[in-house]
A.B. asks: 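Could you have a look at this structure, given as structure tokens, before my questions?
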Amino acid sequence: MVTCGLPYANGDLHVGHLRTYVGGDTFARALRKLGQDVAFVSGSDMHGTPVAVNAWQEGVSPEEFALRHHEAYERTFPEFGIEFDNYGHTREPSNVLLTREFVRTLDDEGHIYDEEIEVAWDPEEGQPLPDRYVEGTCPYCGAQARGDECDEGCGRHLEPGEIENATSVATGNPAEYRTRNHKFFRLSAFQEYLTGFIDRLEGTSNARNQPREWIEGELEDWCITRDLDWGIDYPGEEELVLYVWVDAPIEYVASTKEYAERADSADSESSLSFDWERAWTEDGELIHVVGRDIIQHHTVFWPAMLHGVGYNEPRAVLASGFVNLDGRAFSTSRNRAVWVDDYLREGFDPDLYRHYVITGTGFQQDTDFSWDRFAERVNGELVGTLGNFLYRSLLFAHRNYDGTPDAEVSTEVRERIEDAIEAFAAGVNDYSVRAVGRTGIELARFGNEYIQRHEPWKLVDSDPDRAAQVIRDCVQLAKAASVLCAPTMPGKAEVLWSQLGESGPVHDVGVDAALDAPPATFDAPTEPFERIEDERVAALNDDLERRIDEAATRNADGEEATAANDDSEVAAAAADADDERTDADASDSDNDDGGDTDGETAVDDAEGVDFEPLADERIGFEAFGEVDLRVGRIEAAEPIESSDELVHLEVDIGVEVRQVVAGIKQLHDVESLPGRKVVIVANMEKAELFGVESNGMVLAAGEAADLLTTHGDAPPGTKVR
RNA sequence: AGCGGGAUGGGAUAGCCAGGAGAUUCCGGCGGGCUCAUAACCCGCAGACCGGUGGUUCAAAUCCACCUCCCGCUACCA
């Protein structure tokens, strides 16, 4: 069994999302090449609060909203050669029934208990408000926060009731808290089991190690119900639905079951037949391929559930790294993304991206996408190495021998192919799709060297027998490369296979076919890969930049938000308060914002290399005059405890003493601040940071927050022009 | 803060689990060759004290300890 983490039916897919699925698909195909009986399944995750909230905001039913995305995903995956044996969704009857069965079993076995907890409630609507239905102010830092997490400020997890000024996202009504009965999964009872499990688990090292903190620490019981209409009802409890992370992984099983049932109902002579119960409860081996953001769910909650119902445990979890765009995170809200539809509309073959993302770096490592690197890898590895070797070999063979010349494969080449097959198998055993994907390319690299070393174009006249043997070797290498590339580049492999004159799909043959004799005759080949020219790359980069700019302008018009985010910490301190993005995107591996400010400022600061470009637009004196700059003198300075950077300042600006919060704690010796003269923006909008009101903004330069000051004796309160 | 992942020639990456001849491959640079092939391909050269400091060992990129810097995770978001 190979499964891919369920995509959440809540937004469009960008190429970064695809990494997990391409990885899973490649791995499943590689297993088949080695003769394994594989079922490869996934499905869309339809339930949960974000779908409910976003559907509500769009004014459609959650069902319609989720289904729309599900259908898009279902259509998209095959377009990228990701061919699930079954792709369902969590709302299908098979999953609903199986989920209830799981829960009933867990209940019968005593793994579930009731407990009363506090939940937010909309008194006017008489509705419970789970998770993201609530927004308010973070009690720790004062930033805008969602019900359970201070997502834009300090990032803290918030317990129910902690959030201040809580209101309903849907109605805007103030929320209150009520005591409700919920169901808890006794995860703590699985501590010992999971301790053993994590030592047995195979896969990528991040997946095997990250959950240790939890498992070897204290496991908390898990609340598995929500007050929500949208989801699978808890058996026998009308008011509660199951938490999505209960029914989502069960879709792996339900999807397998659907596949098995479809296989059974197909004509009986077909070899298609799959025993789902054997796979999940007997001697099947489970391999989960997921994004690295959902490791815990697959190494803690899910194995405990499986164990609780007596199913097999996962043998391996492969957790993929993220894909960045030009070194920074994809950002759906800023349209900083290469969407899958864009990619396809550009007419790029999906196998190009598959090869890029699979062989670029280790699966668990983060990687970077840019059109420049994409073109470089396509032109170098696919056009220059693989495509060129296959084309020149087959063309030469076709012209001179009308196909495969009548000669034996040399020992050297046979051994080289055997090594490649071994490396392929070793890659699978190491859970390294990268190693698997490289084998075909490496073989072509060898082939280019081999053909050059023997110069068959000279031998055809001087030593025809020898020429025939060399070309026979080359055709064999071409065939082997086609077979070994099939998991990474299924479409291209198929084309090459048929150009070799082979009948039937390359996907039906195993790795050993790499050593079988190619057909005696075949037609002239076509060039398998097309070069991406520099002009094309430039155009693609321009498009991307323009889109980002447009989105930034749109955002700025709307609420003057995004740009402030990227500024230095000092400015950000004052800007944060009005930065409320309508964050409709909660797509899974969207590791938005977070790191990108750091990445950028770090570069800006490096020996003054990369300055921010000067602003294009000129402003008038009047516009400048709107900023009321004043000389101030710091009277008192105290660090704000719970913050890494913020300092609480009392600044004398002549007419009054202002309380100002500035993000300069790490950069200055706070005790030395009093007495310093600074320049502040006196008419800055007030902001609340970590619960402290900031009435003004201190000016400072760069990442080091070099404070602006005066050099004469201008007294506090003096206007700065 | 704790935990996980990472730091390797100008850029990008492999090797680390199972320690061993002054380290892989690609891009880029320089020089040469070839002309079957999509200005592609082949050969050669220059370029890395393998993040830092200690330790174990006959031997450390690899194992151990501490440190620095990046990225991420931290359960009633998905």
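Naming convention: chains lettered A, B, ... in sequence-line order (proteins, then strands); numbering from 1 in each chain. Source: prediction; values computed, not measured.
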A.B. asks: What interatomic distance, in whole Å, is found between C1' of B:U68 and the corresponding atom of B:U53?
C.D. replies: 11 Å
A.B. asks: If you look only at pairs with a residue in residues 392-403 of chain A, which of them pass as a salt bridge (Lys or Arg N to Asp or Glu O under 4.0 Å), with sequence neighbours excluded?
C.D. replies: none
A.B. asks: What one-letter contact string describes nucleotides 4-9 of chain B from 5' to 3', where B marks a base within less than 4.0 Å of any protein heavy atom, S marks contact via sugar-phosphate atoms alone, and - marks no contact?
C.D. replies: SSS---
A.B. asks: Strictly by modelled atom types, are A:Ser188 and A:Asp221 linked by a side-chain donor-acceptor pair under 3.5 Å?
C.D. replies: yes
A.B. asks: Can you check the A:Gln296 CD to B:G72 P distance for me, whole Å?
C.D. replies: 16 Å
A.B. asks: Which whole-number value in Å describes the distance from A:Ile112 CD1 to B:C76 P?
C.D. replies: 16 Å
A.B. asks: Over how many whole Å does the gap from A:Asp430 atom CG to B:A18 atom P extend?
C.D. replies: 13 Å
A.B. asks: So if I take residues 467-478 of chain A and measure heavy-atom distances to RNA chain B, which residues fall below 4.0 Å?
C.D. replies: none
A.B. asks: If the threshold is 4.0 Å, N to carboxylate O, is there a salt bridge linking A:Arg373 and A:Asp326?
C.D. replies: no
A.B. asks: Ring-plane angle category for A:Phe369 and A:Tyr356, please: parallel below 30°, perpendicular beyond 60°, tilted otherwise.
C.D. replies: perpendicular
A.B. asks: Quick one: do A:Arg466 and A:Glu455 make a salt bridge, cutoff under 4.0 Å?
C.D. replies: no
A.B. asks: How many whole angstroms separate atom CG of A:Asp368 from atom P of B:C27?
C.D. replies: 19 Å
A.B. asks: Could you tell me whether A:Tyr353 and A:Phe348 have their ring centroids closer than 6.0 angstrom?
C.D. replies: no
A.B. asks: Distance from A:Ile294 atom CD1 to A:His288 atom NE2, nearest 0.5 Å?
C.D. replies: 10.5 Å
A.B. asks: Expressed in angstrom and rounded to an integer, what is the separation of A:Arg328 atom CZ from B:C71 atom P?
C.D. replies: 12 Å
A.B. asks: I need the single residue from A:Thr359, A:Val433, A:Thr488 that forms a side-chain contact (heavy atoms from CB on, under 4.5 Å) with A:Arg438. Which is it?
C.D. replies: A:Thr359
A.B. asks: Does the gap between the ring centers of A:Tyr252 and A:His298 come in under 6.0 Å?
C.D. replies: yes
A.B. asks: Between B:G19 and B:A12, how far apart are the two C1' atoms, rounded to whole Å?
C.D. replies: 27 Å
A.B. asks: Any side-chain donor paired with an acceptor under 3.5 Å for A:Asp366 and A:Asn324?
C.D. replies: no
A.B. asks: Could you write out RNA chain B as a dot-bracket string, with dots for unpaired bases, | for bases paired across to another strand, and Watson-Crick or G-U pairs counted at under 3.5 Å?
C.D. replies: (((((((..(((.......[....))).(((((.......))))).....(((((..]....))))))))))))....
A.B. asks: Using heavy-atom distances to pick each residue's nearest nucleotide on RNA chain B, tell me which of A:Gly48 and A:Glu381 is more 5'.
C.D. replies: A:Glu381
A.B. asks: Is the A:His89 to A:Tyr73 ring centre distance short of 6.0 Å?
C.D. replies: no
A.B. asks: Between P on B:A14 and CZ on A:Phe363, what's the gap in Å once rounded to a whole number?
C.D. replies: 14 Å
A.B. asks: Nearest-nucleotide wise, let me know which of A:Arg377 and A:Gly384 is further upstream toward the 5' end of RNA chain B.
C.D. replies: A:Arg377
A.B. asks: Mind checking whether A:His47 and A:Trp230 have ring centres under 6.0 Å apart?
C.D. replies: yes
A.B. asks: Across the strands shown, which category fits A:Glu218 at heavy-atom distances under 4.0 angstrom: base, sugar-phosphate, nothing?
C.D. replies: base
A.B. asks: When the P atoms of B:G6 and B:U62 are compared, how many Å lie between them, rounded to an integer?
C.D. replies: 14 Å
A.B. asks: Scan nucleotides 10-12 of chain B against the protein and return all N/O pairs shorter than 3.5 Å with their distances rounded to 0.1 Å.
C.D. replies:
residue	atom	partner	partner atom	Å
B:A12	O2'	A:Arg373	NH1	2.7

A.B. asks: With a 4.0 Å cut-off on heavy atoms, is A:Glu220 in touch with a base, just the backbone sugar-phosphate, or nothing at all?
C.D. replies: base
A.B. asks: Can you tell me, in whole Å, how much space there is between the P of B:G2 and that of B:G20?
C.D. replies: 33 Å
A.B. asks: I'd like the C1' distance from B:C50 over to B:C3, given in whole Å.
C.D. replies: 26 Å
A.B. asks: Using every non-hydrogen atom in the two residues, find where A:Leu228 and A:Gly48 come nearest and quote the distance to one decimal.
C.D. replies: CD2-C, 4.1 Å
A.B. asks: List the protein contact pattern of nucleotides 28-39 of chain B with one symbol per nucleotide (5' to 3'): B for base contact, S for sugar-phosphate-only contact, - for none; contact means a heavy-atom distance under 4.0 Å.
C.D. replies: -----BSSBBB-
A.B. asks: Any donor-acceptor pair under 3.5 Å linking the side chain of A:Gln364 with the backbone of A:Thr204?
C.D. replies: no
A.B. asks: Could you tell me how far B:G51 sits from B:A60 if I compare only their C1' atoms? Round to whole Å.
C.D. replies: 16 Å
A.B. asks: Given atom CH2 of A:Trp222 and atom P of B:C76, what is their separation to the nearest angstrom?
C.D. replies: 8 Å
A.B. asks: Take atom C1' in B:U25 and the same atom in B:G47, then report the distance between them in whole Å.
C.D. replies: 16 Å
A.B. asks: Which nucleotide in the set B:C41, B:G72, B:C76 lies at the smallest distance from any side-chain heavy atom of A:Thr385?
C.D. replies: B:C41
A.B. asks: Considering every strand and a 4.0 Å limit on heavy-atom distances, what is the contact class for A:Arg445: base, sugar-phosphate, or nothing?
C.D. replies: sugar-phosphate
A.B. asks: May I ask you to check whether A:Trp245 and A:Phe301 place their ring centres under 6.0 Å from each other?
C.D. replies: no
A.B. asks: Please check if the distance between the ring centroids of A:Phe190 and A:Phe185 is under 6.0 Å.
C.D. replies: yes
A.B. asks: Is it true that the side chains of A:Asp227 and A:His182 contain a donor and an acceptor less than 3.5 Å apart?
C.D. replies: yes
A.B. asks: When we call it a touch if two heavy atoms are under 4.0 Å apart, what does A:Ile295 touch: a base, just sugar-phosphate, or nothing?
C.D. replies: nothing
A.B. asks: Less than 4.0 Å between a side-chain N and a carboxylate O, is that true for A:Arg453 and A:Glu412?
C.D. replies: yes
A.B. asks: What is the separation between atom CZ on A:Arg186 and atom C1' on B:A75, rounded to the nearest whole Å?
C.D. replies: 18 Å
A.B. asks: So what does A:His297 touch, heavy atoms closer than 4.0 Å: a base, only the sugar-phosphate, or nothing?
C.D. replies: base
A.B. asks: When the C1' atoms of B:A46 and B:G5 are considered, how many whole Å apart are they?
C.D. replies: 34 Å
